Amino acid sequence: MAECKPYADITNVMLAQAYVPYQRICTLMEPVAALKAGTVFPELVDVYK
Amino acid sequence: MDRDSILKRLTVLDFLAVDLQLYLDSHPDCTDTIKKYNEVVSEADGLREQYENLFGPLFSYRSYSKRDEFNWTDDPWPWENSFNFEIGGES
Amino acid sequence: MWIYEKKQEFPVKIKKQDPALAKLIITQYGGPDGELGASLRYLSQRYAAVTPQSKAILNDIGTEELAHLEMIGSICHQLSRDLDPAEIKAAGFDSYYVDHGTGVYPASAAGVPFTAAYFQSKGDPLTDLYENLAAEQKARSTYEYLMRMTDDPDVLEPLRFLREREIVHFQRFGEALEGVREYLDHKRQFTVNKDMKKTK
């Protein structure tokens, strides 16, 4: 089963620019967990300890 | 449902809508997500109406007021401890 | 225009007073990398934006930051409500207290009042978005430093939420940046077809 890649490839690269890949949705979190985490997208969660 | 439960569910749904909406701002053609977003808005709308009927207006000039008193001004206000619910454990 | 909904974006319900912590958290209300600056920055930059998507993102994130401003004000208010002078002095809260009592005032943790010098609206769509990427990182770092200053779960929960929002906002501004680059590139090529895909 193909893994879902949560971002699009970066194309059209130039010098002296910064790039953030476009997000692609894979899954959504459960609603209450999403509120507590601060986002509904698990791939965007960056847990701080 | 008690006030805390309704407010918690409404807060959760509105947050889902906000996060999905920001995603849709940069992905306007993502039809699957639009469908999910509209579903969330629909459920939130229903719950918002329920909350307002039971606990008072959420908007200062768009919500209906109680007839005998302009209850928009009622305490508590959202920055006060007693307005808020405990986020609690997973549920 | 703005409309206020009488509820928080994320609940703020703090049981334990801590004026020393309030003095630190106020920095996300009126400090250099705080929510007031963020909100005014994005809402001011809207006018010079060139793509509908970037206008929407600046508008919507600028609006969300106002909700975050409210959360921070609520945290500071609830942390410092009912205190006596001895507690105030012991907590190092006295210098804030003599100017503002237990009220909420936009200033940094060091007591510097809020200023528009904390943000820029350069009128250049690319520059503005790069500014915003940096702003979201600064805010994230500030939330991390603040989270190290307390163990109180009632405070950590909303701070954790706010920190993650900065990460999401960064992603959205990054996407807006690509959209604006494409738009400016297409403009330069005098293309009429907005669906034209560029390949290298």
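Note that this is a predicted model, so its numbers are computed, not measured. Hydrogens, waters and symmetry mates play no part in the numbers below; they use all other heavy atoms, side chains included.
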Okay, Phe41(A) and chain C: the region with an atom under 4.5 Å from a heavy atom over there is side chain
When rounded to the nearest 0.5 angstrom, what distance separates OH in Tyr48(A) from CG in Leu156(C)? 10.5 Å
Looking at Phe161(C) and Leu35(A), what are the two nearest heavy atoms and their distance? CD1-O, 3.2 Å
Can you confirm whether more than 12 heavy atoms, excluding those of Asp84(C), are under 6.0 Å from its CG atom? yes
Taking the basic N atoms (NZ, or NE/NH1/NH2) and the acidic carboxylate oxygens, is any pair closer than 4.0 Å for Arg163(C) and Asp46(A)? yes
Checking Arg160(C) side chain against Gly38(A) main chain: does a donor-acceptor pair fall under 3.5 Å? no
If you compare all heavy atoms of Leu44(A) against all heavy atoms of Glu164(C), which two are closest, and at what distance to 0.1 Å? O-OE2, 2.6 Å
Should Tyr130(C) and Gln17(A) be marked as a side-chain hydrogen bond (donor to acceptor under 3.5 Å, both in side chains) after you check the CA-CA gap, both sets of side-chain angles, and the distance that decides it? CA-CA 10 Å; Tyr130(C) 277 115; Gln17(A) 292 283 336; 2.8 Å; yes
Step by step, work out the side-chain contact (heavy atoms from CB on, under 4.5 Å) result for Glu178(C) and Val20(A). CA-CA 8 Å; Glu178(C) 185 53 33; Val20(A) 175; over 6 Å; no
Taken to the nearest 0.5 Å, the spacing of Ile167(C) CD1 from Thr39(A) OG1 works out to 9.5 Å
Between Glu157(C) and chain A, which part of the residue has a heavy atom less than 4.5 Å away: side chain, backbone, both or neither? side chain
Taking everything shown except Tyr4(C) itself, do over 12 heavy atoms lie less than 6.0 Å from its OH? yes
Which region of Ala37(A), side chain (C-beta onward) or backbone (N, CA, C, O), has a non-hydrogen atom less than 4.5 Å from a non-hydrogen atom of chain C, or is it both or neither? backbone
Exceeds 12 heavy-atom contacts within 6.0 angstrom, atom OH of Tyr7(A): no
Quick check: under 4.5 Å, non-hydrogen atoms only, which of residues 21-31 of chain A neighbour chain C? Pro21(A), Tyr22(A), Gln23(A)
NZ (Lys89(C)) with more than 12 external heavy atoms under 6.0 Å: no
